[in-house]
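So that the names make sense, note that chain A is the first sequence line, chain B the second, and so on, each numbered from 1. Hydrogens, waters and symmetry mates are skipped; everything else that's a heavy atom, side chains included, is used. Computed from a predicted model, the values in this text were never measured in an experiment.
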Amino acid sequence: MSCSQIPLLQRLTVESPEVVRREPWRSHLAECPACRGEHSSLVRSLVMFRRLEGESREREFNLPDWEDFSRLLDGLEGRRGGFSRLRVPVVAATALMILTAGLLFWPADPVLEPRPARIVTLKPEQHRQLRVVTREPAQPRFVTDATPIPPPPSSSPVLGPPAPPGAKEAEVVATAGPVARPNARENTAPVVLFRSLQQARTMREASGPWPRAPLNVMPASTPYVVDPAFIGRSPHAPQPVR
Amino acid sequence: VVDWDSQDDGILIQAHLKGNPIAFEVLFRKYREQVARLTYSIAKDETLAEDIVQEVFLLVYRHLAKFRQQAAFKTWLYRITVNETIRQLNRNKRWQPLPEGDFEPANLPSTLVTFENGVSPERVLIEGEQRRMIQNALDAIKPHHRTILVLYYLEDLSVQEIAEVLDIPEGSVKSRLFYARDNLRKLMEPVLNRETDDAVKGTHVM
């Protein structure tokens with residue numbers, strides 16, 4: 001039960017419980033059993049807290065004495081001095097070597113820099129994972145899996161023939177289209193392969209509604225299955241390593 | 001001959017910064033138990049309280065030159081202690097609130113003296129199982145509430161000093177104090193209600 005006239009505990013938000021010793025709190029407490037109960041409960045809780053917590057911390061702690069602590073300080077100071085005298089030149093030289101090596105051998109940006117395609121022989125069981133999609137006969141594009149590709153509208157690319165034996169696996173850096181995983185059987189939408197992100201962006205901007213699809217930037221080592229017959233023939237297809 | 005033990009903190013700090021080898025030792029001896037007690041009150045962990053003394057005074061030793069003497073050294077020391085205690089507790093995942101059943105008043109013996117009966121609460125006699133139940137309720141106070149209650153009721157710091165220790169506005173200290181008191185009252189209420197019921201029935205023992 002709480003008091004509806006004077007919310008005591010709310011008042012105690014900004015005051016201490018001792019405020020109730022003043023008027024008009026004393027007279028209100030005398031009349032209101034709800035506030036009296038709350039106040040009593042609060043004060044007794046605080047008394048318990050003070051007493052028991054106060055007692056429990058008056059124990060004997062096994063604390064370090066000054067001799068222990070000063071030895072620790074001496075050790076730290078000595079270690080810090082040794083570090084500064086002997087190790088700083090070594091650390092500086094090591095950092096300089098790492099920095100130089102980083103500047104010399106830092107890899108080129110795998111996405112923005114064109115990378116040569118990694119061509120490997122396609123396994124026989126992977127042949128049917130490749131379909132060739134063309135919008136026009138002169139512009140072949142490559143897909144990772146064509147089963148089942150829905151019939152495309154007239155403005156979209158059309159499904160080409162299955163990949164021939166001897167098709168290759170190539171490394172790409174970007175794809176346009178909803179498919180992010182290469183060579184997956186559940187991939188059902190056409191995907192265009194690009195060797196550079198710039199090429200993919202250019203292609204996407206210049207094209208119609210398709211393949212203005214989400215541009216998936218792939219890890220540089222992602223293998224894609226491509227038909228060697230189309231390598232070099234499409235401006236968007238991976239190029240073989242020379 | 002200077003009696004360093006009777007010097008105030010500001011003079012000791014200045015002397016230490018000027019290279020006096022005694023001054024920091026005096027500060028260490030003067031405050032090490034207070035640091036341990038404060039940590040123990042917050043963390044309820046004796047081992048941590050003993051360990052933290054060393055950590056706190058190492059921090060003080062390293063950063064004493066940065067100490068601005070606008071605030072009291074004790075407040076600054078408490079700030080380091082509270083921060084270090086909470087940091088250690090978070091690191092060790094030692095915030096483990098007790099299960100609620102531990103302080104349910106189901107089997108509480110009725111040996112408490114009630115406040116209503118005109119007996120001073122300072123004379124409350126708490127022993128055995130009853131004390132354990134109450135202590136369990138007190139141990140279940142949330143750590144941030146415990147910290148502010150300890151600083152206010154056990155360390156007797158003012159609201160302004162607590163604001164400096166916790167680095168929060170005074171209004172926030174008052175607000176936290178309210179919620180801490182309320183948390184304490186709610187945890188203790190089952191125990192206290194049981195005690196009151198027994199007192200009304202005349203079953204309590206003095």
Side-chain angles (χ1 to χ4, degrees), chain A residues 1-3 7-21 29-30 32-81, chain B residues 21 24-26 28-29 32-33 35-41 44 46-47 49-51 53-54 57-58 61-62 112 114-116 120-122 124 126 131 134-135 137-139 141 146 149-150 152-154 159 171 174-175 177-179 181-189 191-193 195-196:
Chain A
M1 185 177 67
S2 62
C3 176
L8 178 69
L9 288 178
Q10 188 180 338
R11 176 71 177 164
L12 294 179
T13 305
V14 291
E15 300 281 0
S16 72
E18 287 72 31
V19 76
V20 295
R21 289 179 185 158
L29 274 182
C32 179
C35 282
R36 205 163 52 240
E38 275 191 345
H39 182 248
S40 167
S41 167
L42 179 64
V43 170
R44 288 157 66 202
S45 301
L46 289 171
V47 166
M48 298 282 186
F49 178 81
R50 263 190 176 139
R51 182 189 167 102
L52 293 185
E53 293 293 316
E55 279 178 9
S56 74
R57 66 197 227 133
E58 292 301 325
R59 60 180 63 209
E60 285 289 322
F61 292 101
N62 183 22
L63 299 178
D65 58 20
W66 172 250
E67 283 69 32
D68 296 334
F69 187 72
S70 60
R71 272 197 296 273
L72 178 72
L73 283 181
D74 290 344
L76 287 176
E77 289 294 310
R79 220 182 325 165
R80 192 178 300 167
Chain B
F24 196 81
E25 179 183 350
V26 175
F28 178 84
R29 291 187 194 281
R32 61 178 180 165
E33 284 193 11
V35 168
R37 277 202 292 272
L38 177 57
T39 298
Y40 180 78
S41 295
K44 309 299 288 180
E46 195 169 335
T47 307
E50 290 167 358
D51 292 346
V53 170
Q54 184 172 292
F57 278 96
L58 275 177
Y61 186 82
R62 285 174 184 158
L112 285 179
T114 66
F115 188 51
E116 266 78 9
S120 166
E122 301 294 347
V124 167
I126 311 164
R131 183 185 177 110
I134 294 172
Q135 190 64 56
L138 293 175
D139 288 348
I141 300 171
R146 171 177 295 283
L149 288 173
V150 165
Y152 192 78
Y153 288 108
L154 298 181
V159 169
K174 290 177 178 176
S175 168
L177 257 176
F178 166 69
Y179 286 111
R181 287 182 195 127
D182 201 38
N183 179 234
L184 173 68
R185 188 179 66 86
K186 284 173 181 166
L187 288 168
M188 294 292 289
E189 209 159 28
V191 181
L192 296 174
N193 284 346
E195 167 208 339
T196 306

Worksheet item: Taking 4.0 angstrom as the limit, do B/Arg37 and A/Glu53 come out as a salt bridge?
Response: no
Fill in: Choice from B/Leu58, B/Leu38, B/Ile141 maximising heavy atom contacts with chain A below 4.5 Å
B/Leu58
Worksheet item: Using non-hydrogen atoms only, which part of A/Asp65 is less than 4.5 Å away from chain B: side chain, backbone, both, or neither?
Response: both
Fill in: Proximity breakdown for B/Arg29 and chain A, heavy-atom pairs closer than 4.5 Å
side chain
Worksheet entry | Part of A/Ser70 within contact of chain B (heavy atom distance under 4.5 Å) | neither
Discussion item. Are A/Trp66 and B/Phe57 packed together at the side-chain level, in the sense that at least one heavy-atom pair is separated by less than 4.5 angstrom?
Written reply: no
Item to complete: With rounding to the nearest 0.5 Å, note down the distance linking CG in A/Leu73 to CZ in B/Phe28.
Response: 8.5 Å
Practice prompt. First locate atom CD of B/Gln54, then atom CG of A/Leu72, and finally report the distance between them rounded to the nearest 0.5 Å.
Written response: 4.5 Å
Worksheet item: Can A/Ser45 and B/Arg185 be counted as having a side-chain donor-acceptor contact under 3.5 angstrom?
Response: no
Worksheet item: Does a side-chain heavy-atom distance below 4.5 Å link A/Pro64 with B/Arg32?
Response: no
Discussion item. Measuring only between side-chain heavy atoms, which start at C-beta, is B/Met188 closer than 4.5 Å to A/Met48?
Written reply: yes
Worksheet item: Can you tell if the side chain of A/Phe49 reaches within under 4.5 Å of the side chain of B/Val150, non-hydrogen atoms only?
Response: yes
Worksheet item: Roughly how far apart are A/Arg57 CZ and B/Glu46 CD, rounded to 0.5 Å?
Response: 14.0 Å
Practice prompt. Hey, could you give me the CZ/CG distance between A/Arg44 and B/Leu184, rounded to the nearest 0.5 Å?
Written response: 12.0 Å
Worksheet item: Do A/Arg59 and B/Tyr40 pass the side chain to side chain contact (heavy atoms under 4.5 Å, CB included) test, and can you show the C-alpha distance, the side-chain angles, and the key distance before you say yes or no?
Response: CA-CA 10 Å; A/Arg59 60 180 63 209; B/Tyr40 180 78; 2.5 Å; yes
Response to the item:
Bottom line for B/Val159: the part with an atom under 4.5 Å from chain A's heavy atoms is neither
Discussion item. Whether the side chain of B/Glu50 engages the backbone of A/Phe61 through a donor-acceptor N/O pair (distance < 3.5 Å, no angle test) should be reported.
Written reply: no
Item to complete: Work out which heavy atom in B/Ala36 is nearest to a heavy atom in A/Leu63; give both atom names and the distance.
Response: CB-CD2, 3.6 Å
Discussion item. Tell me if the CD atom of A/Glu60 is crowded by more than 12 foreign heavy atoms within 6.0 Å.
Written reply: no
